[in-house]
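Remarks on the structure that follows.
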Amino acid sequence: MSLLGGIRPPIAVLSVLLLSLAGVTALVLGRIDDGGVPKAVQTSQQHFAEDGAIALRASIDESVTDLTRSATLFSAGQPVSADTVLDKLGNTYQKWMGTAVIEIRSGKLLGARGETVPLTSLDLSALGNEGGLDPRMVRLKNGEVRLLSFALLSWPGQPQQLLVASNTLKFPGISLGQFRSIAVVDGDGEILSSDGIPEPEQVLTDLQRKEVDASRKQLKDFSERATRKAEQDPRSSKEPGSGGYRGVSGSLLGGRFLSDRSVAGYATLTAPEPGEVTTASGLGLTVVSMVKVAEDPTRAISPLFGLVAGGALLLIGGLAIGVLLGTVQRPLIRLFLESRRLSRLDVTRPVTVPGYGEAHRIGTALERLRRQLLGEPAEATGPAARPRGLRRFGSRALLVVCVALLLVWCVPLLLLLNRADGTAVVPQQLVNDQRERTDTLTDRVRRALNEGDADLESVASLIGARTEPVAMTKVLESTMRQHPRYRSLYVVDASGSVVARAGEHPRQAGPKPATAAPIRLLGQGGKEPIVVVTAGIPGRNDSALVGEFRIDFLNSLLKRPGLGVVRLVDDKGRVIAGNTGFLAFQALPDDRLKDLVAATSQKIGKSAHAGGVLYRKNGVQIAAAAPFAGGGPAKPLGWTVVSWQPANRLAIPEYDMQNRTVLAGLLGAAAAAACLGWLYIVVVRPLRVLADQAEALADGDRKTVLFPRHHDEVGAVTRSLELIRQQLQDQRRQQPRRTQPTAGPAAPGPTGAPYGPHDPHGPQGQQYVRN
């Protein structure tokens, strides 16, 4: 028999699959192991740490880039004093704790602003070595850590100077919310900076002091564990195909304090593109965020459902397999044995005829063929009466019965059981995380716009009144290379003519409006929003430097996993950017989201605040909105970032139970469709054709040659019928037949009268020839 053909393999495979599925259902369905904290909450903390790592990496890289570019622009112009350099930096950027200018040859301090820059740790003689100008971390006497960035100021004929900027490792614009802390950890597991845990002297009661001490110990433990995990390869730190964050990230479970469980997320600082190494990613830093989550000990999913479902599948599957064995496999094997016996001319014993469908038809035909082999004519073995009642159902109907039996188990799992929409308990922490992450994303977009305006202000102030268009073009091209946020940079004069440009062709070139805001949204009614930043050039008669943002840059800022659909809308609620496809200036798809944006835009106190909400009508959905609330030229825009996602995509126990239930139903339906379809193609359909051929052969058709299609039981019966057909043909050839009478006078009969032409007693009737 064929390895893949025949009736046994499909039934055997179906039996193994159903048995395995019953075991998996009993063991897995109803057992959700989340350590007391839903997996969705743990994943959310991982995403929160990734957001912090992205914000810190972007802040450090942007700071170093701005310092280097500013020093390059100063060096390209006329020599200026150290105070002038520091004043212009301070007026343009408000990001450094302290700045200073040092003469490298003598080590003399030429100027300083802000807090005292820790210069005693610098070795000026090593600046010329490889990596001598790379940023470095310095720990102060009070235990705080500062990140020092360096850039060179060089003018012909003057001593070379070193521009130094000092900054903290605090997170820019991270919304922590309540009961959350965040820290920056170095490669040795030491905490360099932290935020969110109050100092012991800031709390009042002994219980609060114990909680603060426990939080610090837990954060220290998380930092050490995260540092060890950060040493692994990023590709092995996630599940295959998960994608997402390019660095090492994950979540950790900590201890309990009262009824709260500490959960942490960690993420290493990594470059935005694979294969790149930025200034921040080379520091070996890791971000650790920790939050306390209230555990609900009453939430427990019983494994009883899985046991019941597995037992039901065993019963239903056993009944279906029994139907296949008793009504399809056993009769077919019996036909195979009977047909082989007849092909060997063992015709003494009658054929055992099965009682159902095609097997009954073939068995009846074999019995007729047995009688014909004994010498009876085909007409004498006329067709037997067709079975009535249930016996008339064929193998195809039996397969339908088996499919119906298995669907009795699969359909309730797919459509009815363990539906979680009405009973799912969505942790409040997920709503809080959605709100805080959306608020962090809003601040990131606002800071990006403010940084763009600061860049143009810095470049415009250094262009001056005497810069030629060729030199302007070089400066603009250099700025484009350093900051990919722009699609076009150009200088316009008072009439609106483009004097110099870099990048793509300007779309909004024109004279600078007298009362225009630094950042404007244009292109209403068009196919793409246009975000324009304008900076006046001093001393050039109302000339201005204009930059047009790339919408893809804003879209890239909104692409964060775990937030669902994210949209950036203007003050009228029209979509400007998003993490998925959208139409420019279209409205939000839901009135509830419009109301949420309008509600969060209302000022509470001095400014508006982010808001999060859980909707349960028309499906459980988490949504959040956060308006521009910080300072800078981007705040007057009144834009809002809104995000929403269905709760059924989150790893919540009720939805996990629902998904596993649906998966079990799908697996059962797939196993039934595959194996029973296999059985229909290989056995049932050829068996129906064979039944017609066997009846035709029994009716006297000796000319149709029977060819077996497969090397299985049906093929074996077909071969036996072909042998029987050949034997019946040989038997017919061996029978004598009468010849036709010859012409001439008829011979006289016994009475003297001649024999008639059809008289069986004449001489012609006594002559036989072999056919």
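Numbering of residues begins at 1 and proceeds along the displayed sequence. These numbers come from a predicted model, not from an experiment.
- Rounded to the nearest 0.5 Å, atoms CG (L313) and OG1 (T25) are 6.0 Å apart.
- Side chain of N579 to main chain of V566: a donor-acceptor pair is present (N/O by atom type, distance under 3.5 Å, no hydrogens or angles).
- In this structure, R487 fails the cation-pi test against F549, since its NZ or CZ atom is not both closer than 6.0 Å to the six-membered ring centre and inside 45 degrees of the ring normal.
- The residues D206 and K210 are annotated as not salt-bridged, no charged nitrogen and carboxylate oxygen being separated by less than 4.0 angstrom.
- Looking only at side-chain heavy atoms (C-beta outward), F222 and L253 stay at 4.5 Å or farther from each other.
- For E62 and R485, the salt-bridge test passes: some basic side-chain N is under 4.0 Å from an acidic carboxylate O.
- Residues P627 and A608 come closest through the heavy atom pair CG-CB, 3.6 Å.
- The environment of CZ in F257 is crowded: more than 12 heavy-atom neighbours from other residues, nucleotides or ligands sit within 6.0 Å.
- The heavy-atom pair separating L614 from I622 by the smallest distance is CD1-CG1, 3.7 Å.
- Side-chain contact check for Y245 versus I54: some heavy-atom pair is nearer than 4.5 Å.
- Ring geometry, Y486 versus H483: the interplanar angle exceeds 60°, so the pair is classed perpendicular (tilted spans 30 to 60°).
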I'd like to know whether R447 forms a salt bridge (Lys or Arg N to Asp or Glu O under 4.0 Å) with D443, so could you lay out the CA-CA distance, the side-chain angles of the two residues, the decisive distance to 0.1 Å, and finally the verdict. CA-CA 6 Å; R447 286 177 181 272; D443 189 82; 2.5 Å; yes
Dump the intermediate steps for side-chain contact (heavy atoms from CB on, under 4.5 Å) on I191 and V184, then the final yes or no. CA-CA 6 Å; I191 298 177; V184 180; over 6 Å; no
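- No option in S215, S262, S181 other than S215 meets the side-chain hydrogen bond (donor to acceptor under 3.5 Å, both in side chains) test with K292.
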After noting the C-alpha distance and the side-chain angles of I576 and V569, does the key distance pass the side-chain contact (heavy atoms from CB on, under 4.5 Å) rule? CA-CA 5 Å; I576 304 170; V569 299; 5.9 Å; no
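- Summarising the local packing, CZ of R649 is surrounded by 12 or fewer heavy atoms from other residues, nucleotides or ligands at distances under 6.0 Å.
- Side-chain atoms of R616 do not come within 3.5 Å of backbone N or O of V620 as any donor-acceptor pair.
- L557 CG to L568 CG: the interatomic distance, rounded to the nearest 0.5 Å, is 9.5 Å.
- Under 3.5 Å, the side chains of D51 and T440 contain no donor-acceptor pair of N or O atoms.
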Could you give me the CA-CA distance, side-chain angles and deciding distance for Q429 and D433, then say whether side chain to side chain donor-acceptor pair (under 3.5 Å) is met? CA-CA 6 Å; Q429 187 62 44; D433 291 345; 2.8 Å; yes
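- For the residue pair N418 and Y655, no side-chain donor N or O sits within less than 3.5 Å of a side-chain acceptor on the partner.
- With a 4.5 Å cut-off on side-chain heavy atoms, I652 and V426 count as touching.
- A salt bridge is absent between D595 and R592; no separation between the charged side-chain nitrogens and carboxylate oxygens falls under 4.0 Å.
- Checking side-chain atoms of R550 against main-chain N and O of P484 turns up a donor-acceptor pair under 3.5 Å.
- Atom-to-atom distance recorded for H47:NE2 and S251:OG is 9.5 Å, nearest 0.5 angstrom.
- Applying the side chain to side chain contact (heavy atoms under 4.5 Å, CB included) test between R567 and each of L558, T640, T580, V597 identifies T580 as the sole match.
- Under a 3.5 Å cut-off, the side chain of R261 and the backbone N or O of V37 do not form any donor-acceptor pair.
- Separating the CG atom in N648 from the CG atom in N659 is a distance of 7.5 Å, to the nearest 0.5 Å.
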Under the side-chain contact (heavy atoms from CB on, under 4.5 Å) rule, what do Y266 and R225 come out as? Steps first, then yes or no, please. CA-CA 10 Å; Y266 63 91; R225 292 164 60 185; over 6 Å; no
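- The local environment of NZ in K229 is sparse, with at most 12 non-hydrogen atoms from other residues, nucleotides or ligands closer than 6.0 Å.
- Using modelled atom types, one finds no donor on one side chain facing an acceptor on the other under 3.5 Å when comparing T168 with E144.
- A donor atom on one side chain and an acceptor atom on the other are found under 3.5 Å apart for T278 and S281.
- No side-chain donor from either of E436 and N432 sits under 3.5 Å from a side-chain acceptor of the other.
- Side-chain atoms of W96 and S166 include no donor-acceptor pair closer than 3.5 Å.
- Atoms OG and NE2, on S601 and H609 in that order, are 12.5 Å from each other to the nearest 0.5 Å.
- Test Q46, Q45, K39 against Q42 for side chain to side chain contact (heavy atoms under 4.5 Å, CB included) and you get one pass: K39.
- Although no hydrogens or angles enter the test, the distance criterion places a donor-acceptor pair under 3.5 Å between the side chain of Q645 and the main chain of G562.
- With salt bridges taken as basic N to acidic carboxylate O contacts below 4.0 Å, one links E451 and K95.
- The existence of a salt bridge linking R216 and D213 is excluded, since no basic side-chain nitrogen approaches an acidic carboxylate oxygen closer than 4.0 Å.
- Judged by distance alone, with hydrogens and angles left aside, the side-chain atoms of N555 form a donor-acceptor pair with the main-chain N or O of G578 at under 3.5 Å.
- Closest of all the heavy-atom pairs between T661 and M657 is OG1-O, 2.7 Å.
- Here the CG-OG1 distance, from D186 to T227, works out to 7.0 Å after rounding to the nearest 0.5 Å.
- Using a 4.0 Å cut-off between charged side-chain N and carboxylate O, E50 and R560 make a salt bridge.
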Would you sort out whether L563 and T438 count as a side-chain contact (heavy atoms from CB on, under 4.5 Å), showing the intermediate values? CA-CA 8 Å; L563 278 178; T438 304; 4.1 Å; yes
